[in-house]
Amino acid sequence: MGASTAERVERARAALAAAEQRTGARTVRAQHAAWSVPLPRAGAADAGRDHDATDDRVPVHAVDDPAGAGRGTGAGRVPGRSVVGAGGADDRPVAAPEGQRRTSLLTTERPPLPVPPALATVLPDGLRRGATTAVLGSTSLALGVVAHACAGGAWAAAVGQPDLGLLAASQAGVDLARLAVVPAPGADSATVLGALLDGVDVVLVGPAAVLTDADRRRLSARARERGSVLLPTVAWPGAAVVLAVEHARWTGVGAGDGRLRTRELRVRRTGRGSAAVPHAVDVVLPFPPPGDGVPAGPGRAPRPVQDRPVGLRLVG
């Protein structure tokens with residue numbers, strides 16, 4: 001005997017709750033009011049019978065559904081949302097509670113990712129989830145941003161950046177255990193990036209990613225929907241924030257001696273919204289290690305001091 005409608009509804013709600021817990025949206029789900037739709041009554045005896053307000057009703061929840069816009073909008077339907085109920089996605093019009101926010105659950109309720117202290121003046125709100133932040137002119141600067149994001153517990157991916165050195169990334173403070181690398185995605189760049197934006201916090205996009213302007217617009221929209229950070233190192237139309245290196249110089253090399261130690265950059269911020277007013281800041285690379293949670297990398301982590309015996313010791 002098949003499961004009843006109520007049992008199927010409960011199973012669907014349990015699956016939705018498990019998915020929300022895994023994606024971090026579970027705490028937001030409680031803030032959205034439960035809606036209800038009437039349950040269809042089975043049987044020939046109920047055919048053609050009008051249902052009144054006493055019909056059995058089952059609660060359903062609104063979930064973000066960008067594809068829902070293509071299914072049409074009726075009276076009272078919330079654009080871009082579908083209703084999860086007895087049969088999964090339901091196309092029946094449902095009125096949204098008055099005053100309810102219509103935005104991405106993952107973007108509004110999760111805090112921004114941390115950034116290096118030297119960039120606090122150009123990124124006062126941190127690395128905002130759902131935004132596209134372009135870092136132009138310095139891969140080391142982009143790695144420093146990724147390192148501090150990973151220090152806060154984020155996962156990162158680098159796509160289309162074949163010259164990215166893992167040793168350099170480790171020395172910049174990037175936790176390699178939290179970094180996925182796709183050096184040359186080729187013609188599948190848009191598909192690879194879309195999949196990574198679904199499950200990775202920060203996605204760095206390099207020049208080897210083959211994308212059209214339409215692909216870039218779709219990826220920016222997907223990042224907004226999923227609450228991920230898109231971090232291109234190439235020009236990106238419509239980026240919310242653009243960090244461009246204007247001037248750079250190395251220090252540490254003398255007249256025929258020494259070695260490269262630090263790099264001084266002048267970083268200029270432009271963009272949209274709160275970043276529309278240009279602002280420049282001088283920074284020095286490499287940034288200080290981003291905290292105790294991430295290894296500082298070879299050459300930067302101090303060696304532990306070991307106790308040595310005092311005096312001479314007979315051996316042999």
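Please read these numbers as outputs of a predicted model, since none were measured by experiment. One-based numbering along the sequence shown.
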Q. Can you check side-chain contact (heavy atoms from CB on, under 4.5 Å) on Val245 and Leu136, steps first, answer last?
A. CA-CA 6 Å; Val245 175; Leu136 310 179; over 6 Å; no
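- Heavy-atom minimum distance, Val202 versus Ala149: CG2-CB, 4.0 Å.
- Ser220 places a side-chain N or O within 3.5 Å of a backbone atom of Arg216 that can act as its donor or acceptor partner.
- Here CG of Leu167 is found 9.0 Å from CG of Leu176. Values are rounded to the nearest 0.5 Å.
- Scanning all heavy atoms of the two residues, the minimum distance from Ala208 to Pro162 falls at CB-CD, 3.7 Å.
- From Arg269, atom CZ reaches atom NE2 of His279 across 6.5 Å, with rounding to the nearest 0.5 Å.
- Within 6.0 Å of CZ in Arg268 there are more than 12 heavy atoms belonging to other residues, nucleotides or ligands.
- Judged by distance alone, the side chain of Ser228 and the main-chain N or O of Val200 form a donor-acceptor pair under 3.5 Å.
- Pro207 and Gln161 make their closest contact through CD-OE1, 3.7 Å (heavy atoms, listed as atom of the first residue, atom of the second, distance).
- Asp282 is not listed as a side-chain neighbour of Glu264, based on a closest heavy-atom distance of 4.5 Å or more.
- Cluster membership for Val241 and Val281, using ILVMFWY side-chain heavy atoms within less than 4.5 angstrom, is shared.
- The backbone N or O of Glu7 sits nowhere less than 3.5 Å from a side-chain atom of Glu10 that would complete a donor-acceptor pair.
- Val229 and Val122 fall within the same hydrophobic cluster, defined by Ile, Leu, Val, Met, Phe, Trp and Tyr side-chain heavy atoms under 4.5 Å apart, directly or through other members.
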Q: Applying side-chain contact (heavy atoms from CB on, under 4.5 Å), run through Thr270 and Leu243 and close with a yes or a no.
A: CA-CA 7 Å; Thr270 56; Leu243 301 181; over 6 Å; no
Q: Might you work through the side-chain contact (heavy atoms from CB on, under 4.5 Å) test for Arg129 and Leu113, ending with a clear yes or no?
A: CA-CA 7 Å; Arg129 295 182 181 273; Leu113 298 173; 3.3 Å; yes
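- Judged by distance alone, the side chain of Thr132 and the main-chain N or O of Ala239 form no donor-acceptor pair under 3.5 Å.
- Within the 4.5 Å cutoff, side-chain heavy atoms of Leu211 are placed close to those of Leu193.
- Between the side chain of Asp201 and the backbone N or O of Trp155, at least one donor-acceptor pair lies under 3.5 Å.
- In this structure, Leu143 CG and Thr233 OG1 are separated by 9.5 Å, a value rounded to the nearest 0.5 Å.
- Residues Trp250 and Phe287 do not share a hydrophobic cluster, clusters being chains of Ile/Leu/Val/Met/Phe/Trp/Tyr side chains in contact below 4.5 Å.
- Using a 4.5 Å heavy-atom threshold, the side chains of His148 and Val115 count as separate.
- Atom CG of Leu230 sits about 9.0 Å away from atom CG of Leu204, to the nearest 0.5 Å.
- Val181 and Leu231 fall within a single hydrophobic cluster, where Ile, Leu, Val, Met, Phe, Trp and Tyr are joined by side-chain heavy atoms under 4.5 Å apart, directly or via other members.
- Val145 and Val174 fall within the same hydrophobic cluster, defined by Ile, Leu, Val, Met, Phe, Trp and Tyr side-chain heavy atoms under 4.5 Å apart, directly or through other members.
- Minimum heavy-atom separation, Ala275 to Ala240: CB-O, 3.9 Å.
- Remark: the backbone N or O of Thr251 is not paired with any side-chain donor or acceptor of Arg263 at under 3.5 angstrom.
- Between Leu285 atom CG and Leu265 atom CG the span is 4.5 Å, to the nearest 0.5 Å.
- Residues Val192 and Pro185 approach most closely at CG2-CB, 4.3 Å, considering heavy atoms.
- Donor-acceptor pairing under 3.5 Å is lacking for the side chains of Asp188 and Thr191.
- The line from CH2 of Trp236 to CG of Leu219 is 5.0 Å long, rounded to the nearest 0.5 Å.
- Listed here is the closest heavy atom pair of Arg178 and Ala154: CD-O, 3.5 Å.
- A salt bridge links Asp198 with Arg222; the closest basic N to acidic carboxylate O contact falls under 4.0 Å.
- The main-chain N or O of Ala209 is never found under 3.5 Å from a side-chain atom of Ser189 such that the two would form a donor-acceptor pair.
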Q: With side-chain contact (heavy atoms from CB on, under 4.5 Å) as the test, would you mind laying out the steps for Arg259 and Val253 before giving the verdict?
A: CA-CA 5 Å; Arg259 63 186 181 90; Val253 177; 5.7 Å; no
